[in-house]
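Values in this document were obtained by computation on a predicted structure and should not be read as measured data.
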Amino acid sequence: MASGGFGSEARLTIGRGAAHIVARVARWSGRGGGTTLPGRALLAIAPDAIASLGRRLPERSILISATNGKTTTTAMAATILGGRYRLAYNSAGANLASGVASALVSASKAELGLLEVDEAALPGLGDSLSPRSVVLGNLFRDQLDRYGELETIATSWRAGIARLPDDCVVIANADDARVVDVVGDRAGTLTFGIDDPSVGNDDPGHASDARTCFVCGQPLVYETAYVGHLGDWHCSRCDSRRPALQIAARSIRTRGLEGVDFELATPAGTVEVALEIPGLYNVYNALAAASLAHVIGIEPQVIAEGLTRFRPAFGRVERITIGERRVLLLLAKNPAGANEIVRTVSDNGSLPVIVIALNDDIADGRDVSWIWDVDFERLMPHAERVIASGSRAEELALRFKYGGYDPDRLEVARDLATALDRGLQLTPSGAEMTVIPTYTAMLALQRILTNRGLVKPYWDRAPG
Amino acid sequence: MQLVVAHMYPDLLNIYADRGNVAVLLRRASWRDIELIVRPVDQGQRLPGDADLVYIGGGQDRDQQLIAADIASRSEELESFVDDDGALLAVCGGYQLLGRAYVDADGSELPGAGVFPLRTVAGERRLIGDVLLECAFAEGPARPVAGFENHAGRTELDAGARPFGRVIYGFGNDGRSGYEGCTRKAAIGTYLHGPLLPRNPWLADWLLERALEHRTGQEHDLSPLDDALEASAQALASQRARARGGRL
């Protein structure tokens, strides 16, 4: 039903007014930064507002999607591009249509849309925004109850990509066989990946999401696997293989939990990058951000400076000092991300106390079975004490119990504040406690820490 | 004492924490001084002749299609294992593939192994959420099972087939019949993961007892363990299913 007799232009004007009011009320009432409500108000009044606002961006939009790392990739790209363009950017990770609409409406003077997009929302937003570039980071099994299975997402991406305008440059992670399959032989695709076997494994692990060839169904062979199934792959039978890398990370040197250095090779030259955020998964995020910047003509040196300047969003990797103790906060959203955190933390040696907080809200995944895809076994020999927390603390405790962890060193505290206090009590003075929360547990922890005056609320934190 | 578990297609059918179920069997056996030997069985490999328990998990649609023909070709092998009182647990995709047939979204009918008297037809909407069952297939009083379901298939049991449980909350086999899963002798097929066994340890012990009887030909009662954590996890999962409400 149409809203009275208003035309779409009038509805857009009214919708924008409503969105601004909602944003102000949300901010003033302290109920969060209004990252999705203004967009919802706008879309209720002007359903095609995303397309209309998108057309007003002189430099059009870039969409970034992936199971893992889309928020970090987008934030890295914003750090690189921020000095050059006024951005419409969904910095708080609100990545559904409502969040994208909020970002567009709140940045009325923006030149370029830099938009993180939920996997399921990508095809629809691609249709509305007619983007100049789309970044496809990776496809892992996520919390499977949200979207059904990976296959469904891959199929909708394939169709969505086919509908993109011809001049839209698709940027694909060549190390992900499923992403390569989804893109097919689309002209002008830019590929990125890691080219450094010294930091890889020879096997993609027990929960790999790409064991067989997407063309012929025969087993895939991995020369090197870097993060989960991301790696240098080829089919054991047909000619399907990882495409040549146009943007690559070489000579990777990790600095424990502090960061990672690498050589960024692009068609416009090779530069040195020093990331202040650890893990090979963040090298992938940096490669995706670098590829996107390259596509819009940013020089390699500027890309390297932006990446080096980048600091992560709250909770993804966060260090907080509480009295004589330090707390290292590492967000674990899904199995692939959690596995990389486990690997990074375990490589760092002995851990006096680990608090792991598992919630089962919609954003975490209602189905908690994914915790069995995480190799907590790798962490167990290094962990003096484990405190299982969150609304499904017992399921996590059972994961450790049946994984062979000593039950005498395992505690359960469903309440997060209780778990945090108990962890601090067990952490020796001068030592560091590790906290690994799922998404909503991370938000809850942030509220606890904000109330204690230890961190600033997220909507007041400048990106990058 | 040793028991042998045949874990079928562990690389392809592992999507819903299937290794969690295997880990529970392994630990609960070892806490009773029973050594569980797990033998992976892939496409084209014979079921080990000394298997006491067979485990089959679930996979993504594509991976299930890859092994559908292989599992259908095992009809005789698996049927004689179940007739011989071998213990079996099949979860989600594994459960569907052990039925008589699976009709996919295009309407084409793929034969299954025929171990369970049932037929599954692909549906439009996925049936997703927490489930609480009351299970009366075993001796003694009915017992609760709490799990999570996520399936597009609608499974219909043949007349006279025995379900795994009665649905208290959730969809179950097809969202209408009020039943979930299927049992035949010491074999269980179910849509429930979560994983199933950590929060339902009585079921793990039931399977281990059947496997022990298969090995020794004698009755076995396993010694009780401290399952306080498991009980608490089950209570919480049941609460989630209750919050979701009744069927459909």
Side-chain angles (χ1 to χ4, degrees), chain A residues 141 143-155 178 181 203-214 216-219 335 358 360 365-377 388 390-405 407 410-412 414, chain B residues 10-12 14-28 30 42-43 58-67 91-93 125-126 128-130 147-152 192-199 201 204 226-237 239-240 244:
Chain A
R141 59 179 75 176
Q143 301 92 340
L144 291 163
D145 52 316
R146 285 168 70 201
Y147 300 136
E149 292 163 16
L150 263 178
E151 211 64 31
T152 315
I153 293 285
T155 305
R178 194 186 292 271
D181 177 60
D203 185 80
H206 67 90
S208 165
D209 292 314
R211 284 215 170 258
T212 52
C213 176
F214 293 94
C216 74
Q218 289 304 299
L358 173 68
D360 66 348
R366 295 264 191 222
D367 178 2
V368 296
S369 58
W370 65 270
I371 58 175
W372 284 88
D373 286 339
V374 183
D375 263 318
F376 286 116
E377 281 76 5
S391 58
R392 299 301 287 270
E394 286 87 347
E395 294 284 346
L396 196 64
L398 288 174
R399 171 72 186 85
F400 275 78
K401 177 178 175 179
Y402 286 105
Y405 191 68
L410 182 63
E411 293 184 25
V412 179
R414 240 186 245 178
Chain B
D11 286 346
L12 289 172
N14 63 17
I15 193 146
Y16 295 123
D18 295 293
R19 72 173 185 148
N21 288 331
V22 176
V24 170
L25 294 169
L26 215 73
R27 297 282 170 197
R28 294 184 76 83
S30 84
D42 289 315
Q43 295 176 75
Q60 308 199 30
D61 290 349
R62 185 172 163 275
D63 292 333
Q64 283 182 202
Q65 281 160 16
L66 286 175
I67 57 114
V91 175
C92 205
R125 195 161 66 94
R126 292 189 79 83
I128 303 176
D130 286 284
F148 197 96
E149 63 183 329
N150 185 348
H151 53 104
L192 301 197
H193 61 272
L196 181 64
L197 297 181
R199 60 176 88 148
D226 175 4
D227 287 335
L229 194 58
E230 288 80 349
S232 175
Q234 195 198 52
L236 200 62
Q239 204 179 309
R240 290 288 189 272
R244 174 188 177 186

- Message: Salt bridge or not between Lys401(A) and Glu230(B)? Use side-chain N to carboxylate O under 4.0 Å.
- Response: yes
- Rounding to 0.5 Å, atoms CD (Gln65(B)) and CD (Glu151(A)) come to a distance of 8.0 Å
- Note on the structure: Across all chains, not counting sequence neighbours, the ring-ring contact (aromatic ring centres under 6.0 Å, His included) partners of Phe400(A) are Phe376(A), Tyr405(A)
- Message: So for Asp226(B), is it side chain, backbone, both, or neither that comes closer than 4.5 Å to the heavy atoms of chain A?
- Response: backbone
- Going by heavy atoms in the side chains, are Glu395(A) and Leu236(B) under 4.5 Å from each other? no
- Query: Side chain, backbone, both or neither: which part of Leu66(B) has an atom under 4.5 Å from a heavy atom of chain A?
  - Reply: side chain
- Applying a strict 4.5 Å limit to non-hydrogen atoms, the region of Arg392(A) in contact with chain B is both
- Part of Glu377(A) within contact of chain B (heavy atom distance under 4.5 Å): side chain
- Item | By side-chain hydrogen bond (donor to acceptor under 3.5 Å, both in side chains) - contacts of Arg28(B) (at least two apart) | Tyr402(A), Asp205(B), Asp227(B)
- Task: Would you name the heavy atoms of Pro198(B) and Leu398(A) that are closest together and state the gap between them?
- Result: O-CD1, 3.6 Å
- OG of Ser391(A) to CZ of Arg240(B), rounded to nearest 0.5 Å, is 5.0 Å
- Item | CA sep, side-chain torsions, deciding dist, call: Arg199(B), Val368(A), side-chain contact (heavy atoms from CB on, under 4.5 Å) | CA-CA 12 Å; Arg199(B) 60 176 88 148; Val368(A) 296; 3.9 Å; yes
- Is there a side-chain contact between Thr212(A) and Leu12(B), using heavy atoms and a 4.5 Å cut-off? yes
- Message: So which atom in Ser369(A) and which in Ala17(B) form the shortest heavy-atom distance, rounded to 0.1 Å?
- Response: O-CB, 3.2 Å
- Query: How close do Leu229(B) and Ala397(A) get, heavy atom to heavy atom, and via which atoms?
  - Reply: CD2-CB, 3.6 Å
- Message: Test your reading of the model: is there a side-chain donor-acceptor pair from Arg19(B) to the backbone of Trp372(A), 3.5 Å cut-off?
- Response: yes
- If you tally heavy-atom pairs under 4.5 Å between each of Ala237(B), Ala23(B), Pro195(B) and chain A, the highest tally belongs to Pro195(B)
